K.L.:
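Before anything else, here's the structure in question.
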Amino acid sequence: PPPPPLARATFHNHPPIMSSKPSVSKKKHHRSHHHHHHHHKAGETEPDSSLSSAAAPAILSGAVTRWAQLSRCSSLESGFLCAASALKGIGAFLLKSQRDLGAGERRKFVEQRILLPQEDGGLLSIGTPVPTEVHHLLLVSPSPSSQKFLHFRQDTTDCAKPTILLELWSDEHLICSLPTEDIHGCFYSNGFFGGVSWSTDETRVAYVAEKLTPESKSKSYFQPSKPGEKPKSRPGREFLFREDWGEQNTRKSTPSLFIFDLLTKTITEVGNLPENMSCGQPQWIDNNSALAFVGAPTEKRRLGVIYCDNRESSIYRINVDGPANLQRLSGDDDLCARYPRVSPDGKHVIFLTSSTLSAHKSCAILRLLTVSTGECRTVIDVVREPETNKSFPGLFVGVVPARIWISNTTLALTSLWRSALVILSIDIEKKTVVPITPNASFKLHPQSWCLLDATPSLGILASSSCSVEPWVASVRMPNGSWNEIARTSPDVDLLDTVESQVIEFDTESGLCFEGILWRNKIPGPKPLLVYPHGGPHSCFDCSFYQEIAFLTLSGFQVLLVNYRGSVGFGQDWVEILCGQCGTMDVEDCFNAARQVIMEMKYEVDPNRVGVIGGSHGGFLTGHLIGQHPEMFKVAVMRNPVTDISTMIGATDIPEWCLVEACGIEAFNNRSFNIPTEEDRIRMFRASPMYHVDKVEAPTLLMIGTADRRVPNFQSHQFYYALRERGIPTRMFVYEDPHAITKVSSEGDAWINVFEWFTEHL
């Protein structure tokens with residue numbers, strides 16, 4: 001069955017305009033009107049106010065009000081279903097968060113709902129009148145019977161002495177609370193290594209946390225020991241360099257497996273795990289006598305794992321009762337096996353893997369392991385190229401929830417299907433894939449769906465999102481009917497003036513890429529902002545994005561571009577960009593913008609076009625203002641890549657530099673080859689710095705000082721290059737990682753983005 005239909009615009013197809021080849025000779029551009037250029041931190045102001053008109057205070061005040069209004073909409077972070085036997089209904093646990101702009105933090109709170117079946121097959125959803133706020137809560141894991149709940153709490157305000165608690169609750173009261181600082185380090189609650197698994201008899205829980213090493217307890221040579229104290233490690237090792245897993249995983253170096261015994265109220269580390277392996281994602285198998293888990297080798301350099309599904313890893317089995325007997329379960333061709341999930345009857349383990357280590361995101365293979373025999377077989381293979389634009393494009397799966405099984409032979413997964421997230425039902429025996437998310441309103445309001453929880457007896461808990469609805473929680477009953485149970489706070493009337501549509505753009509090869517146009521429905525031509533995504537192997541989907549809603553409500557039309565190389569369109573579509581970054585992706589963004597301008601002349605002002613992007617989107621922003629200065633009048637670059645040839649030695653993803661600039665075969669994941677002189681020349685020519693002499697657009701840069709993915713000097717060198725060429729330039733510096741998402745930083749950044757675009761468009 002096809003996915004939800006696309007809301008295709010009635011655009012005519014025009015021959016694409018190829019990007020002009022950069023000239024060998026370079027010429028400096030000087031502007032007659034120079035702005036003052038200052039490298040300043042967030043919150044500082046400059047003598048020359050961006051909005052000099054009398055309306056400036058009112059304009060900025062309106063922008064601040066809009067951001068505050070949008071920030072009152074909560075986000076649905078996770079949820080699960082549980083039995084509510086007393087009322088013969090279903091319980092729904094929803095963990096939500098909301099930006100607190102005054103405090104500069106995200107407040108988390110829980111909403112619990114009772115779902116009562118009705119005669120017409122629907123559900124009556126009854127919620128608590130007041131949500132319950134929770135503090136430092138990372139994760140809640142329900143037991144299979146829903147009679148017990150494990151809370152993982154972590155307060156890292158003091159990085160030197162984090163508070164780490166494991167709490168066991170019944171459905172009525174707290175059973176015990178165990179501090180774990182002396183047993184292990186921080187929890188891994190999500191991401192590549194995170195995972196929690198209950199034994200079927202509910203007596204043990206396996207989870208993942210940072211292993212304490214002798215070096216982590218080392219003291220100074222000059223710090224005296226207490227009388228009778230036995231040294232835990234030799235002194236002078238507290239500043240020893242320890243590799244970690246990169247961006248947003250600072251100080252996370254050695255994830256290991258731990259078991260909480262509910263009967264003895266004790267926590268122990270799983271023994272006999274290899275020293276040269278990081279372990280995660282545990283699952284109980286073999287009648288609770290062993291664990292299946294993901295193991296990533298650490299003999300060679302640890303590379304960044306966030307946003308990267310191509311890290312070498314395998315599925316292993318280890319006994320926890322008796323001799324360890326470590327075994328590898330996944331095959332030799334399963335290069336990056338991940339997300340094992342055991343079927344309800346315990347007979348099978350499914351997992352995702354890939355056949356290549358090239359691109360960070362690629363089409364996944366779904367594999368099935370028979371526990372009794374150890375046999376592995378493929379259920380869903382790679383889709384190189386979908387037969388049509390409506391055909392299944394392959395599995396492009398991000399996060400996999402803890403529970404995904406609908407029956408012993410059927411599971412559910414969230415996957416990208418072109419520019420939308422859909423929930424797929426996969427039959428492991430028939431090897432069939434069926435979208436099960438509703439699509440009745442997709443033409444009017446393109447939307448995406450996300451699986452939160454699935455059980456054979458209770459059904460599926462999912463959320464949907466679109467440009468006019470931040471989130472709606474729904475339950476799919478075993479009979480296949482969907483029932484809405486909760487939605488975001490109703491204080492979003494201002495979104496009545498916003499709508500979005502999916503647009504297809506042709507290329508000269510005959511293939512189509514897509515974009516999502518967020519439109520402000522108030523009549524009249526408006527400035528157009530072109531917004532390519534990062535990655536480059538990622539995708540904008542039809543979800544709600546607060547920053548895009550903010551820009552659209554502020555009077556801009558915003559075009560999100562899923563250029564060639566985006567995921568969700570088949571594996572060939574991913575690989576086609578490798579080695580052509582800086583040309584093919586730039587060409588797609590330019591042609592998409594040109595086509596929208598030509599076909600929407602009553603809604604878009606062709607003389608007021610800007611571009612914005614972060615990471616690889618910032619890389620494309622730098623290229624677009626350098627290669628097409630006649631179109632793009634202003635730019636915003638957030639943590640951008642500006643010179644691939646200098647980035648390779650300082651990033652947590654060095655292979656990205658070679659693969660994207662030089663091609664799939666340019667990097668050997670086994671030998672970590674050093675780039676040649678020819679490689680470095682090619683990387684520089686694929687970079688925005690190669691075109692900096694042609695830039696005319698005023699450019700705003702934003703960086704996070706904790707960014708491990710794109711080094712800060714990438715922005716610094718572009719900033720100074722523009723200043724020396726007389727281009728109006730400004731930079732904001734935030735104490736954030738690669739994604740500038742801290743509540744205080746995020747709001748400040750987007751208000752300044754609005755101010756910059758308003759001034760220069």
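Residue numbers count from 1 along this sequence. Quick caveat, the model's predicted, so the values are computed rather than measured.
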K.L.:
Measure the CD1-CG distance between Ile428 and Leu368 for me, rounded to the nearest 0.5 Å.
P.N.:
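Output value for this atom pair is 4.5 Å.
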K.L.:
Let's go through Ser141 and Trp198 carefully: what are the C-alpha distance in whole Å and the side-chain angles of both, what is the deciding distance for side-chain hydrogen bond (donor to acceptor under 3.5 Å, both in side chains) to 0.1 Å, and is it a yes or a no?
P.N.:
CA-CA 9 Å; Ser141 178; Trp198 287 76; 3.0 Å; yes
K.L.:
Checking Asp261 now: which residues fulfil side chain to side chain contact (heavy atoms under 4.5 Å, CB included) with it, not counting sequence neighbours?
P.N.:
Arg204, Leu263, Thr264, Thr266
K.L.:
Just so I know, are the side chains of Val349 and Val371 near enough to count as touching, which here means a heavy-atom distance under 4.5 Å?
P.N.:
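The answer is yes, as the side chains (C-beta and beyond) meet within the 4.5 Å cut-off.
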K.L.:
If the condition is side chain to side chain donor-acceptor pair (under 3.5 Å), which residues does Lys265 pass it with, not counting sequence neighbours?
P.N.:
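With sequence neighbours excluded, Lys265 shows a side chain to side chain donor-acceptor pair (under 3.5 Å) to no residue whatsoever.
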K.L.:
Please list, chain by chain and in numerical order, all residues satisfying side chain to side chain contact (heavy atoms under 4.5 Å, CB included) with Asn287, sequence neighbours excluded.
P.N.:
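By the side chain to side chain contact (heavy atoms under 4.5 Å, CB included) rule, Asn287 matches no residue at all.
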K.L.:
Have Thr200 and Asn288 got a donor and an acceptor in their side chains that come within less than 3.5 Å?
P.N.:
yes
K.L.:
Under 4.5 Å between any side-chain heavy atoms of Lys96 and Glu77, yes or no?
P.N.:
no
K.L.:
Any carboxylate oxygen within less than 4.0 angstrom of a Lys/Arg side-chain nitrogen, looking at Asp652 and Arg302?
P.N.:
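No.
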K.L.:
Assess whether side-chain hydrogen bond (donor to acceptor under 3.5 Å, both in side chains) is satisfied between Ser256 and Glu210, documenting all intermediate values.
P.N.:
CA-CA 6 Å; Ser256 190; Glu210 181 70 10; over 6 Å; no
K.L.:
Pairing donors with acceptors under 3.5 angstrom, does anything connect the side chains of Asn249 and Arg251?
P.N.:
no
K.L.:
Under 3.5 Å, is there a donor-acceptor pair linking the side chains of Thr455 and Arg403?
P.N.:
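No, because no side-chain N or O of Thr455 sits under 3.5 Å from a partner of the opposite role on Arg403.
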K.L.:
Within the 3.5 Å criterion, strictly below it, is a donor on Thr378 or Arg367 matched to an acceptor on the partner's side chain?
P.N.:
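Looking only at side-chain atoms, Arg367 and Thr378 do form a donor-acceptor pair, the distance falling under 3.5 Å.
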K.L.:
Please identify each residue that fulfils ring-ring contact (aromatic ring centres under 6.0 Å, His included) with Phe93, with sequence neighbours left out.
P.N.:
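If we apply the ring-ring contact (aromatic ring centres under 6.0 Å, His included) test to Phe93, skipping adjacent residues, the hits are Phe80.
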K.L.:
Do you know which of Thr414, Leu413, Leu416 makes side chain to side chain contact (heavy atoms under 4.5 Å, CB included) with Phe396?
P.N.:
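Between Phe396 and the candidates, side chain to side chain contact (heavy atoms under 4.5 Å, CB included) is satisfied uniquely by Leu416.
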K.L.:
Between the side chains of Glu243 and Ser253, does any donor sit under 3.5 Å from an acceptor?
P.N.:
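Per modelled atom types, Glu243 and Ser253 side chains form no pair under 3.5 Å.
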K.L.:
Just jot down the ring-ring contact (aromatic ring centres under 6.0 Å, His included) partners of Trp169, sequence neighbours excluded, or say none.
P.N.:
His151
K.L.:
Would you find a donor on one side and an acceptor on the other, under 3.5 Å apart, between the side chain of Ser330 and the backbone of Ile315?
P.N.:
yes
K.L.:
What residue among Lys108, Lys742, Arg107 forms salt bridge (Lys or Arg N to Asp or Glu O under 4.0 Å) with Asp100?
P.N.:
Arg107
K.L.:
Assess, by modelled atom type and distance only, whether the side chains of Thr410 and Trp405 contain a donor and an acceptor separated by less than 3.5 Å.
P.N.:
no
K.L.:
So does Phe222 have more than 12 non-hydrogen atoms from other groups sitting under 6.0 Å from CZ?
P.N.:
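Not more than 12 within 6.0 Å, no.
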K.L.:
Which residues pass the side chain to side chain donor-acceptor pair (under 3.5 Å) test with His738, sequence neighbours left out?
P.N.:
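Expected list: Ser615, Asp707.
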K.L.:
Indicate yes or no: does Arg377 engage Glu375 in a salt bridge with an N to O separation below 4.0 Å.
P.N.:
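No, no charged N to carboxylate O under 4.0 Å.
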K.L.:
Partners of Arg487 by salt bridge (charged side-chain N to carboxylate O under 4.0 Å, His left out), sequence neighbours excluded?
P.N.:
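Scan of Arg487 (salt bridge (charged side-chain N to carboxylate O under 4.0 Å, His left out), adjacent residues dropped) gives Glu469, Glu484.
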K.L.:
Please identify each residue that fulfils ring-ring contact (aromatic ring centres under 6.0 Å, His included) with His348, with sequence neighbours left out.
P.N.:
none
K.L.:
Would you confirm whether Ser170, through its side chain, and Lys148, through its main-chain N or O, come within 3.5 Å as a donor-acceptor pair?
P.N.:
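No; zero donor-acceptor contacts below 3.5 Å.
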K.L.:
Considering only heavy atoms from C-beta outward, does the side chain of Ser75 approach that of Arg106 to under 4.5 Å?
P.N.:
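The answer is yes; the side chains approach within 4.5 Å.
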K.L.:
Would you confirm whether Arg242, through its side chain, and Thr254, through its main-chain N or O, come within 3.5 Å as a donor-acceptor pair?
P.N.:
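No, the answer is negative, given that no donor and acceptor are paired below the 3.5 Å cut-off.
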K.L.:
Tell me every residue that passes side chain to side chain contact (heavy atoms under 4.5 Å, CB included) with Ser71, counting only those two or more places apart in sequence or in another chain.
P.N.:
Trp67, Arg99, Leu101, Gln546
K.L.:
Evaluate the side-chain proximity of Ile380 to Ile365: yes if any heavy-atom separation is below 4.5 Å, no if none is.
P.N.:
no
K.L.:
Is it true that Asp332 and Arg328 make a salt bridge, defined as a side-chain N closer than 4.0 Å to a carboxylate O?
P.N.:
yes
K.L.:
Decide whether Ser448 and Asp541 meet the rule of one side-chain donor and one side-chain acceptor closer than 3.5 Å.
P.N.:
yes
K.L.:
Parallel, tilted or perpendicular for Phe152 and Phe187, by the 30°/60° rule?
P.N.:
perpendicular
K.L.:
Output all residues satisfying side chain to side chain contact (heavy atoms under 4.5 Å, CB included) with Ser197, sequence neighbours left out; order by chain, then residue number.
P.N.:
Gln283, Trp284
K.L.:
Between Thr250 and Arg708, is any side-chain donor less than 3.5 angstrom from a side-chain acceptor?
P.N.:
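The criterion, which ignores hydrogens and geometry beyond distance, is satisfied for Arg708 and Thr250.
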K.L.:
Would Lys252 count as a cation-pi partner of Tyr188, with NZ or CZ less than 6.0 Å from the six-membered ring centre and within 45° of the ring normal?
P.N.:
yes
K.L.:
Decide whether Thr128 and Gln112 meet the rule of one side-chain donor and one side-chain acceptor closer than 3.5 Å.
P.N.:
no
K.L.:
Applying side chain to side chain donor-acceptor pair (under 3.5 Å), name anything that partners Thr298, two or more places apart in sequence or on another chain.
P.N.:
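With neighbours one apart ignored, the set is empty.
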K.L.:
Give a yes or no on whether Glu275 atom CD has more than 12 heavy-atom contacts from other residues, nucleotides or ligands under 6.0 Å away.
P.N.:
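No, the 6.0 Å shell around CD holds no more than 12 heavy atoms from other groups.
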K.L.:
Go through the structure and list residues passing side chain to side chain donor-acceptor pair (under 3.5 Å) with Trp471, not counting sequence neighbours.
P.N.:
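Trp471 satisfies side chain to side chain donor-acceptor pair (under 3.5 Å) with Ser74 only.
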K.L.:
So among His135, His136, Glu167, which one has a side chain to side chain donor-acceptor pair (under 3.5 Å) with Arg153?
P.N.:
Glu167
K.L.:
Between Glu238 and Lys219 (salt bridge meaning N to carboxylate O under 4.0 Å), is one present in this structure?
P.N.:
no
K.L.:
Using side-chain heavy atoms (C-beta onward) and a distance below 4.5 Å, is Cys308 in contact with Leu303?
P.N.:
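When only atoms from C-beta onward are counted, Leu303 and Cys308 do not touch, as no gap falls below 4.5 Å.
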